[in-house]
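To start, the structure itself, in structure tokens.
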2 protein chains.
Amino acid sequence: MSSMKDTIKSIAIELFFKKGYFATSISEIAKGSGIQKASIYYHYRSKEDLLFSILKATMDDLTRYLKNNLAGLDDIESKIRVAVHGHVRFHLERQKENFIANSELRGLTSEHYRAIVEKRDEYERIFQDLIRQGREEGIFADVDVKILSYAILTLCTAGASWFNPGGRLTVDEIADIYEKFILNGLKQACEASAPSRCGAKGMAICKA
Amino acid sequence: MSSMKDTIKSIAIELFFKKGYFATSISEIAKGSGIQKASIYYHYRSKEDLLFSILKATMDDLTRYLKNNLAGLDDIESKIRVAVHGHVRFHLERQKENFIANSELRGLTSEHYRAIVEKRDEYERIFQDLIRQGREEGIFADVDVKILSYAILTLCTAGASWFNPGGRLTVDEIADIYEKFILNGLKQACEASAPSRCGAKGMAICKA
DNA sequence: GTCTATATAACGATAGAC
DNA sequence: GTCTATCGTTATATAGAC
């Protein structure tokens with residue numbers, strides 16, 4: 001189960017998360033894995049190959065997780081709720097890998113970079129389609145699909161940078177807060193483009 | 001005006017943004033500045049000192065900008081609108097510095113790290129106070145202040161990672177979209193915690 | 001204030017024994 | 001599959017001339 005190849009990978013995830021890819025040396029990864037640095041190269045052809053291996057697995061798992069969660073759901077609102085909730089869950093539960101996947105793309109060769117960005121784009125497209133459909137069906141306001149899809153995804157992803165696993169709130173509680181915040185943002189009950197156009201008084205009509 | 005010290009700084013901002021702090025060498029910064037690498041050390045005592053100098057100036061300007069924008073405003077809703085709008089503006093207009101300020105903190109010595117985090121905390125506290133006041137005055141829903149302040153700030157900050165200065169939308173247009181999205185998220189017209197509890201039908205009451 | 005030259009250390013990666 | 005030994009390169013930073 002826990003082969004040396006997997007051990008190296010998990011040590012690398014810890015270090016890349018904590019210190020960053022460029023600031024982490026092969027020596028440190030070897031030390032953490034309990035072997036000599038030359039032995040790393042039996043399992044991975046280069047440091048970059050190790051990084052790519054981490055990012056590829058993370059992106060593949062992320063997309064598979066989303067597709068599984070969406071399967072069987074019919075209405076758009078449920079779909080986008082589940083998509084947002086699952087995105088937050090995945091990013092908080094696999095915090096370190098996801099943090100790396102969103103901050104260390106510059107460490108990849110150009111071919112590997114393209115491969116990862118392509119996977120990310122595929123994932124983003126699913127979200128954009130959901131928002132677009134929700135808008136067309138009148139569930140969401142007339143929002144800018146592209147900007148808001150980026151906003152929503154980066155918002156949820158950013159959670160991985162400050163999330164504290166032993167903290168005050170559980171993963172699902174945080175996911176609920178995000179889901180609520182985002183759905184209300186998408187529905188845009190208030191026009192809100194000019195100050196005070198949608199004040200506390202007007203809102204009382206909508207509340208509970 | 002454009003002293004060599006400033007030139008070095010602006011070249012460093014370009015390179016740290018494009019390649020990352022650790023992946024950028026003093027040689028490259030010197031080459032971009034048109035001098036020899038040893039000459040860098042006349043202006044900055046170390047590479048880390050150069051990074052700190054960039055981050056400190058950015059954080060100081062950010063907080064000063066916020067305080068200036070808030071001065072003279074009375075009602076909380078206007079204040080939070082202006083705070084969000086300004087945060088987005090600042091991050092998009094000084095995209096590179098802000099990107100560095102949010103991704104390269106690990107490159108700092110521990111003393112410098114503490115100094116920057118302290119500035120960031122002070123800035124965050126202003127936002128948290130605004131959300132808290134808005135909640136107490138009944139303008140916003142009964143939201144989790146801490147989580148939502150992080151969410152809002154990271155959301156707006158993330159814009160600096162995908163923003164394209166020559167793209168489809170202007171800085172102010174994007175800031176408007178964010179402002180609207182966030183204000184609606186904070187007001188939470190819909191309870192939204194369980195799927196379909198706040199469907200399209202219920203929303204029709206709130207719309208325009 | 002910028003230069004040439006260099007000290008010193010660490011890096012990623014390879015060769016070849018076992 | 002892991003080891004020791006090492007190659008070749010690059011890094012940050014300093015010394016001292018101009």
Side-chain angles (χ1 to χ4, degrees), chain A residues 1-56 100 103-113 115-116, chain B residues 1-56 100 103-113 115-116:
Chain A
M1 284 291 112
S2 184
S3 67
M4 181 52 73
K5 186 163 184 170
D6 292 338
T7 301
I8 292 167
K9 197 174 195 171
S10 78
I11 296 292
I13 290 171
E14 292 295 322
L15 291 170
F16 292 168
F17 174 72
K18 193 174 161 190
K19 311 183 57 180
Y21 172 71
F22 286 105
T24 300
S25 69
I26 291 286
S27 291
E28 289 172 292
I29 298 169
K31 197 167 191 174
S33 306
I35 53 173
Q36 294 299 312
K37 64 177 177 177
S39 306
I40 299 278
Y41 293 91
Y42 173 81
H43 301 282
Y44 296 93
R45 40 178 55 225
S46 71
K47 186 183 170 189
E48 190 269 347
D49 186 49
L50 178 51
L51 176 65
F52 178 64
S53 151
I54 293 168
L55 300 193
K56 186 180 178 307
I100 298 165
S103 58
E104 301 292 5
L105 291 185
R106 288 178 299 197
L108 297 171
T109 62
S110 50
E111 306 100 284
H112 284 165
Y113 179 84
I116 297 296
Chain B
M1 283 290 113
S2 183
S3 67
M4 180 52 73
K5 186 162 184 169
D6 291 337
T7 301
I8 292 168
K9 196 174 195 171
S10 78
I11 295 292
I13 290 171
E14 292 294 323
L15 290 171
F16 291 168
F17 174 71
K18 194 174 161 192
K19 311 183 57 177
Y21 172 71
F22 286 104
T24 300
S25 70
I26 292 286
S27 290
E28 290 172 292
I29 297 169
K31 196 167 192 175
S33 306
I35 53 172
Q36 294 299 311
K37 62 179 176 177
S39 306
I40 299 281
Y41 293 91
Y42 173 79
H43 301 282
Y44 297 93
R45 40 178 53 225
S46 69
K47 186 183 169 188
E48 189 270 347
D49 185 49
L50 178 49
L51 176 65
F52 179 65
S53 151
I54 293 168
L55 301 193
K56 186 181 178 308
I100 297 165
S103 59
E104 302 292 6
L105 291 185
R106 289 178 299 197
L108 296 171
T109 62
S110 50
E111 305 99 284
H112 284 165
Y113 178 84
I116 297 296

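Letters A, B, ... mirror the listed sequences (proteins, then strands); counts begin at 1.
Annotation for A:Arg45: atom CZ does not count as buried by contact number, only 12 or fewer foreign heavy atoms lying within 6.0 Å.
Atom-to-atom distance recorded for B:Ser53:OG and B:His112:NE2 is 10.0 Å, nearest 0.5 angstrom.
Remark: A:Ser39 is in phosphate contact with D:dC3, judged by side-chain N or O atoms under 4.0 Å from OP1 or OP2.
Atom C1' of nucleotide C:dG1 and atom OH of B:Tyr42 are separated by 6 Å, given to the nearest angstrom. Rounded to whole angstrom, the span from the CD1 atom of B:Ile29 across to the P atom of D:dA11 amounts to 11 Å. Straight-line distance from the CD atom of B:Gln36 to the P atom of C:dT6: 15 Å, rounded to whole Å.
Taking the ring axis of B:Tyr21 as reference, the NZ or CZ atom of B:Lys47 stays within 45° of it and closer than 6.0 Å to the ring centre.
Residues B:Thr7 and B:Ile35 fail the side-chain proximity criterion, which asks for heavy atoms closer than 4.5 Å.
Applying the side-chain hydrogen bond (donor to acceptor under 3.5 Å, both in side chains) test to every pair with at least one member in residues 28-44 of chain B, sequence neighbours left out, gives these pairs: B:Lys19-B:Glu28, B:Ser25-B:Glu28.
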Practice problem: Would you mind building the protein contact string for nucleotides 7-18 of chain C? One character per nucleotide, 5' to 3', B for base within reach (heavy atoms under 4.0 Å), S for sugar-phosphate only, - for untouched. | Solution: ----SBBBB---

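Judged as a ring-ring contact (aromatic ring centres under 6.0 Å, His included), and not counting sequence neighbours, B:Phe22 has no contacts.
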